[in-house]
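In what follows, a single structure is set out as structure tokens and then discussed.
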Protein chains: 2
Amino acid sequence: MPRTTMEDVAREAGVSRALVSLAYRNAFGVSEATRRHILEVGERLGYVHNRVAAQLATRGSSALGVFLQDLHNDLFAGLYDGIREVAEEHGRELVLAIGSRDEDRDAASLTTLQGTRVAAIVAAGLRLPDAEALTHSARTPLVAVARRIPGVDSAYSDNLVGARLATEHLLALGHRDVVFFANPPADGYRDRGRGYEAAMAGAGLRPRTVVTSYAREEVAAEAARLFDAVDPPTAVFAHNDQAALGVLDLLHARGLTPGADVSVVGYDNSSISSAPGTALTTIDLHGRDLGRAGARMAIARTSDPDAAPALEVSDPTLVVRRTTGPPPR
Amino acid sequence: MPRTTMEDVAREAGVSRALVSLAYRNAFGVSEATRRHILEVGERLGYVHNRVAAQLATRGSSALGVFLQDLHNDLFAGLYDGIREVAEEHGRELVLAIGSRDEDRDAASLTTLQGTRVAAIVAAGLRLPDAEALTHSARTPLVAVARRIPGVDSAYSDNLVGARLATEHLLALGHRDVVFFANPPADGYRDRGRGYEAAMAGAGLRPRTVVTSYAREEVAAEAARLFDAVDPPTAVFAHNDQAALGVLDLLHARGLTPGADVSVVGYDNSSISSAPGTALTTIDLHGRDLGRAGARMAIARTSDPDAAPALEVSDPTLVVRRTTGPPPR
DNA sequence: TTGTACGCGTTATCAC
DNA sequence: GTGATAACGCGTACAA
């Protein structure tokens with residue numbers, strides 16, 4: 001049984017297909033009575049406006065593609081909120097793609113979005129190398145959110161500043177041995193490490209970096225190795241809250257109290273970090289605002305494809321909770 | 001500057017459009033050399049396969065639509081993981097729609113998905129009334145995940161069992177005054193309240209229900225009213241972890257210790273609940289498995305549209321952590 | 001491998 | 001101003 005088509009509605013309503021089309025889009029040139037009649041017939045026949053055909057006819061849509069790295073990370077929910085708000089304000093539809101564990105598939109996600117002929121793509125947390133991202137942006141306008149990609153519109157938070165804020169907070173408390181739990185090295189995500197190193201160097205201290213993954217369990221395992229070694233640090237700065245949680249897991253398993261025995265700082269100010277029992281000191285990068293900025297840039301780009309790449313940088317802020325305190329003596 | 005089309009690639013490669021089409025779909029009937037040549041030309045011209053046109057030509061795709069109620073709730077990330085796994089195993093694309101604050105828009109999300117002519121929709125956490133959901137399922141096959149909708153394929157966890165488990169856990173610890181923080185009343189989400197009431201009645205106790213929202217802050221405000229009243233309870237069972245977190249927020253603000261002064265049980269076993277400092281006792285409904293089941297049902301439905309509505313029920317399990325303990329004496 | 005008739009709306013161009 | 005006609009967008013499928 002074939003689907004109900006616009007032709008069916010037109011025939012049943014005794015009008016032309018063109019008129020049905022206009023009626024369904026609230027366009028001018030249809031008398032109110034006819035419009036109501038057409039929609040009523042459509043409803044009765046169970047017709048659903050076919051966006052696929054519509055898009056083909058209009059050669060691409062005004063919709064925005066959205067890429068989100070990871071649904072398990074609350075940060076991306078905040079970014080999405082911001083993107084959606086702006087999209088709604090401008091009457092833009094959203095088409096989503098979610099990243100996978102393995103980052104190779106980020107490229108496939110972008111290609112899929114491009115295949116749906118969205119007007120532009122807002123990508124939050126893309127792990128693709130700069131060069132590849134640039135290639136993609138040549139086909140469909142791309143806006144990098146929460147990351148800076150040279151030559152591509154970017155709305156990001158200054159990670160150098162944030163990492164510095166976190167590290168200096170620990171140093172001000174009196175810590176001397178602060179270890180940084182870094183994300184896997186990738187284009188666009190090195191500034192947190194740099195900010196940390198700069199802050200440590202500024203205090204005349206030797207930086208110590210442990211490279212981990214994004215998975216809480218693996219971070220905990222890495223932390224176990226660190227704290228079972230001969231020279232455990234008194235403080236840890238983790239590249240994001242998820243990782244910080246892995247560190248907290250380990251501390252708890254060892255019977256160590258965060259904020260007293262060991263200080264921990266995260267990054268992102270995701271909702272976990274504000275749970276009263278966790279009370280993780282962290283860096284807030286104001287995800288919703290970043291999302292809004294990214295969406296705005298994407299929309300601007302669709303009306304001016306040839307403008308120079310735009311940049312919007314914001315400064316993150318330190319949120320002090322209870323996982324940081326002076327080192328034990 | 002018009003986009004590169006398949007025709008352009010065909011002309012440049014010196015072959016027919018049909019052959020280009022075959023080459024891009026890895027179909028049979030194209031010599032390896034030709035295929036490579038075609039793809040190479042396409043790459044050079046910056047051609048991206050147009051899924052919109054492709055879908056129209058094939059009258060709808062085999063893609064699955066996915067509706068997720070709320071990205072801020074970790075549960076839906078787990079459900080999505082399960083859905084994606086199965087979709088990948090079957091080579092199905094996924095098209096996403098995310099719910100809004102106001103539930104009226106759930107219907108709009110479904111209509112949008114139907115407009116993209118997906119083969120079926122897997123809806124996790126739909127807040128639509130049963131009747132409306134049924135109407136939608138008549139147009140495009142619908143699978144309800146984490147909720148039972150009569151007459152619609154449903155993969156759900158037995159909330160009666162879960163709520164009973166939670167309440168009886170508290171009763172076994174010796175609590176007599178257990179308050180239930182209920183979600184706003186809606187079709188498909190009443191069983192947790194029923195399970196709670198059944199367990200209370202079974203122990204000869206009077207149930208007390210407070211209706212709240214899904215927002216952590218509002219729950220905290222509601223909890224404040226409850227604990228500032230003359231007869232605060234010794235235990236709270238919240239309809240989900242987010243709400244439980246709101247209760248924990250309030251307890252912390254009042255200087256009360258969860259598990260000692262007041263016991264709290266959540267629902268969902270989302271990742272917040274397992275943070276070491278939070279250690280929320282909760283009910284695990286095994287989201288990933290539910291997602292897998294839902295996706296499987298959706299795929300089965302596409303090959304047998306007229307089979308009777310399928311049902312898959314699973315039993316949730318209690319996860320005891322540290323927010324529950326005997327009542328203070 | 002190719003020619004070509006679809007699929008299903010949209011958008012001029014016209015007629016009343 | 002209302003409504004109809006027909007060409008068009010871009011792949012896919014099937015016969016040749």
Side-chain angles (χ1 to χ4, degrees), chain A residues 1-39 41-42 45-63 93 111-112 114-119 139, chain B residues 1-39 41-42 45-63 93 111-112 114-119 139:
Chain A
M1 144 212 69
R3 265 215 170 247
T4 310
T5 151
M6 200 173 253
E7 184 67 50
D8 300 329
V9 178
R11 189 169 334 122
E12 181 75 12
V15 296
S16 72
R17 209 169 67 223
L19 206 55
V20 178
S21 173
L22 294 175
Y24 265 90
R25 284 175 294 146
N26 290 315
F28 296 117
V30 186
S31 75
E32 195 45 41
T34 320
R35 179 202 307 289
R36 226 193 299 281
H37 175 227
I38 289 172
L39 294 182
V41 170
L45 266 47
Y47 173 69
V48 178
H49 191 233
N50 188 335
R51 328 176 69 79
V52 178
Q55 237 182 268
L56 179 60
T58 51
R59 12 148 118 272
S61 72
S62 69
E93 305 265 330
T111 303
T112 299
Q114 293 176 332
T116 66
R117 296 299 191 262
V118 289
R139 306 209 207 299
Chain B
M1 140 213 71
R3 264 217 171 247
T4 310
T5 150
M6 201 174 253
E7 184 68 49
D8 299 330
V9 178
R11 189 167 337 127
E12 180 76 12
V15 296
S16 72
R17 207 170 68 226
L19 203 57
V20 177
S21 173
L22 294 176
Y24 265 90
R25 284 176 290 152
N26 291 314
F28 294 117
V30 189
S31 76
E32 195 44 41
T34 321
R35 178 202 307 288
R36 227 193 297 280
H37 175 227
I38 290 173
L39 294 181
V41 170
L45 265 48
Y47 173 69
V48 177
H49 191 232
N50 188 335
R51 326 176 70 80
V52 177
Q55 235 180 268
L56 181 59
T58 50
R59 10 153 116 265
S61 72
S62 70
E93 306 265 330
T111 302
T112 300
Q114 293 175 332
T116 66
R117 295 299 191 263
V118 289
R139 308 207 205 300

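DNA chain C is contacted by Arg17(A), Ala18(A), Ser21(A) of residues 13-24 of chain A, taking any non-hydrogen atom closer than 4.0 Å.
Residue Arg59(B) has its side chain nearest to dG7(C) when only dG3(D), dG7(C), dG9(C) are considered. Looking at the side chain of Thr58(B), the nearest of the listed nucleotides dT12(D), dT10(C), dC10(D) is dT12(D).
Contact of the Thr112(B) side chain with the Arg51(A) side chain is registered, since non-hydrogen atoms from C-beta on lie closer than 4.5 Å. A heavy-atom distance below 4.5 Å is not found between the side chains of Asn50(A) and Met6(A). Considering only heavy atoms from C-beta on, Arg17(A) stays 4.5 Å or farther from Arg11(A) through its side chain.
Taking side-chain N and O atoms only, Arg51(B) has no distance below 4.0 Å to OP1 or OP2 of dG11(D). Side-chain nitrogen and oxygen atoms of Ser31(A) include none within less than 4.0 Å of the OP1 or OP2 phosphate oxygen of dG1(D).
A perpendicular orientation is assigned to the rings of Tyr24(A) and Tyr47(A), their planes being inclined by more than 60° (bins at 30° and 60°).
One atom, CD of Glu7(B), and another, C1' of dC8(D), lie 14 Å apart when rounded to the nearest Å. The CZ atom of Arg3(B) sits 10 Å away from the P atom of dG11(D) (whole-angstrom rounding).
Comparing Val30(B) and Leu56(B) along DNA chain C, the residue whose closest nucleotide (by nearest heavy atom) sits nearer the 5' end is Val30(B).
Between the side chain of Gln55(B) and the main chain of Thr116(A), no donor-acceptor pair closer than 3.5 Å is present.
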